[in-house]
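Throughout, a chain's letter reflects where its sequence line sits, starting with A, and its residues are numbered from 1. Side chains included, hydrogens not; waters and symmetry mates left out as well; all remaining heavy atoms used.
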Amino acid sequence: MASPETQLTIAVQREADHVVIVPTGYLNALTGERIDKVCDALLKEGIKYILINFKQVELINTIGISILVGIIEKVHLQGGLVYFTHLGGTNLEIFEVLDLGSVALFFPTDDQAREHLRHDRETQRRALGQ
Amino acid sequence: MPESLNPRLLSFYLASLHELGGALARTPRKLDQNKPLRESLYRVLGTFAVGAGMILLWDEDEALLRAAAAKGLRAPAEGLPLKPALARALAAGRRPFHPHLLPGGLADAEPLFRELIGRRNIQLIVPLTSGHEFAGLLLLGPRVNGRPLSPLETDVLTEMAGVMALRITDARARRRLDRQLHETRRLNRELRRIYLETVRALASVIDGPEQDHRPGHSARVAALAAQIGRRLGLDRDRCEALYLAGLLHDVGKQIIDRDLLRKSGPLAPGERARVEEHAAAGYELISHLRFPWGDVAEIIRHHHERLDGTGYPDRLRGDELSIEARVLMMAEAFDSMASDQPWRPRLTIERIVEQIEANLGLQFEPRVVQALCDAVQDGLESPDGAAGEAAVFGAPGEPEFVPHLRASFDPALIHQMLGELRRRLNNPRLNRTARVIEIVEPAG
């Protein structure tokens, strides 16, 4: 039986041009690889924009960070973007120390991330003359 | 602010190093196995925000590097050959380096290794070295933010790799010791088996036509004594000592005249005294041997003593007799009664039970009789189960006394008679008798 520190549940909300992933629990063990597998499946479906909401994540350690870094790299290879929302406290400090802000976008809320995504998509469409 | 003075970064790296060391310390014997290594790899990758990496362990016998953990990279399952000279050169350093600084040059490396390093965008190779022992390599892809490691980060990575290497080599050493210990125990068991086989062969000579002419007696007594000992809760070593004492209990008869041993009529007092010398003679013959199972010679010396002090050679009483001597005396007496002797045919099972009952507390201890009933009934009821136990102490197959009893008596009658004996052992009157008789020290 898994200890509470390694328990993780993952909810996926599909929206028009992106998905919101809401993990609950601890992103601090190899069980966190499940989030990687969820993202792999979404990328295969053609999803390019992934928003991960950390509101219900207690702790992210270096194992969790390595999993998130792998996701960022794979999304970049597809020409997409990763948004992190509701990062707070220690988790936000770690992300900043590691300069993850240069490769993923941090927003306080999902709505603010969506607004950025909408604006970004609009800019892309204009650039393509659509 | 220079990076080396960024307190948040320093704190993060120290915490990462601490986490890695703590996690590795929790699984000391498994560090060359996959899960702890995968976790360690992920911790290193997360610490430096690297997306892909691999741990390769060095197999010195095969001169191969084998992938033990990977993220975002694949290595051939059959392993990567590595020239021993390169392995030695890698063992000489601990610092991470770019693949183009590989000792001897990447172009000179084995093709599979060169391909892994060249085609997979490996940015850093970190030797996993503890002392002069080369444990393997840690390979890292590029950082997600594209920046190279700073000197401080290189130091932290070197330390993390050092911790991993130390734990891996430690785990390997522990596993080597475990294997050696396992092998030593196996050899010890094998030695004991050979020892017992040799003694069994000797016992067959003791019982053979040139001597006592009671074929199989010693082996049956040995097996029965060991089974009784087990049912009395004696540990394995003590049961093996009983088995060995059973095999050798009549070795002292070598000094007794063969005609006397085979005499069919009653023995004259002088003849009886001469036959009784075999117990002390057996002790003398055996006592200089250092058996690994306890004092076998003492058990042999006292296998004809009685609880009431009328036995021989030392006329011991009650508690002066070891439990092993009481068990061997029980097993010997039972087999003697159940077997043809030169001076009489075997007794009926009813007569044997009568004899046991008549001598309860005088010669036989009630709890030993109880264990005898259990051993005989279990042996007859489930020879397969008993065979496993017998194999521990003697020859493979069912205990030696079982076929003899089955051939000599009606097994159903043995069950019935021993069942009745067992019931009588629980009789309060008998218990009272046993208590009285076990107080054997004379007043004054």
Side-chain angles (χ1 to χ4, degrees), chain A residues 2-3 5-6 8 26-37 39-40 43 50 52 54 57-78 80-84 87-106, chain B residues 1 3 6-24 26-27 34-55 69-73 120-121 123 138 140-150 152-153 156-157 160:
Chain A
S3 64
E5 288 74 20
T6 59
L8 183 73
Y26 294 82
L27 199 52
N28 64 349
L30 292 177
T31 47
E33 282 189 304
R34 293 213 313 277
I35 199 170
D36 191 33
K37 290 191 171 68
C39 289
D40 281 348
L43 289 169
I50 294 178
I52 304 178
F54 289 103
V57 172
E58 296 283 329
L59 176 70
I60 304 172
N61 71 354
T62 47
I63 294 179
I65 291 166
S66 74
I67 292 164
L68 295 174
V69 166
I71 292 170
I72 292 169
E73 286 191 337
K74 283 186 261 192
V75 172
H76 282 187
L77 281 175
Q78 297 252 19
L81 265 178
V82 177
Y83 294 81
F84 294 148
L87 275 171
T90 308
N91 289 340
L92 180 59
E93 271 189 21
I94 293 172
F95 278 45
E96 285 175 349
V97 158
L98 288 173
D99 192 27
L100 293 186
S102 66
V103 289
L105 298 168
F106 305 165
Chain B
M1 180 185 279
E3 179 210 47
N6 181 335
R8 285 201 306 171
L9 197 62
L10 271 174
S11 167
F12 173 70
Y13 287 145
L14 284 174
S16 299
L17 194 54
H18 178 72
E19 261 184 31
L20 177 72
L24 291 176
R26 283 194 291 275
T27 51
N34 290 349
K35 192 183 171 201
L37 282 179
R38 273 182 71 214
E39 285 190 353
S40 302
L41 174 66
Y42 278 48
R43 287 178 195 280
V44 174
L45 297 178
T47 300
F48 301 104
V50 174
M54 180 179 284
I55 293 174
K71 184 171 184 297
L73 295 174
R120 306 289 180 173
N121 197 19
Q123 295 294 303
L138 168 64
L140 297 182
R143 301 178 85 182
V144 70
N145 61 15
R147 293 182 187 169
L149 290 185
S150 68
L152 168 68
E153 288 167 333
V156 174
L157 176 58
M160 292 183 102

Notebook entry, point to check: Under a 4.5 Å heavy-atom cutoff, which of B:Gly51, B:Gly53, B:Gly72 has the most pairs with chain A?
Noted result: B:Gly51
Margin query: Shorter than 4.5 Å, heavy atoms on both sides: which option in B:Ala15, B:Ala49, B:Ser16 has the most such pairs with chain A?
Written below: B:Ala49
Item checked: Portion of B:Val50 that has a non-hydrogen atom of chain A nearer than 4.5 angstrom -> backbone
Checklist line | Atom group of B:Glu39 that falls short of 4.5 Å from chain A, counting heavy atoms | finding: both
Check: Non-hydrogen atoms of chain B under 4.5 Å away: do they reach the side chain of A:Ile94, the backbone, both or neither?
Finding: side chain
Item checked: Under 4.5 Å from any heavy atom of chain B - which part of A:Ile72 -> side chain
Beyond-backbone contact of [X] with [Y], side-chain heavy atoms, under 4.5 angstrom:
X        : Y        : answer
A:Leu100 : A:Val69  : yes
A:Lys74  : A:Cys39  : no
A:Leu98  : B:Val144 : no

Next item on the list: Just jot down the side chain to side chain contact (heavy atoms under 4.5 Å, CB included) partners of A:Ser102, sequence neighbours excluded, or say none.
Entry: A:Asp99, B:Asn145
Check: Does a salt bridge link A:Glu33 with B:Arg38, judged by any charged N lying under 4.0 Å from a carboxylate O?
Finding: yes
Checklist line | Best-contacting candidate, A:Ile67, A:Ile71, A:Leu68, against chain B by heavy atom pairs under 4.5 angstrom | finding: A:Ile67
Margin query: By the definition ring pair (Phe, Tyr, Trp, His ring centres under 6.0 Å), identify the one residue from A:Phe84, A:Tyr26, A:Tyr83 that meets it with A:Phe54.
Written below: A:Phe84
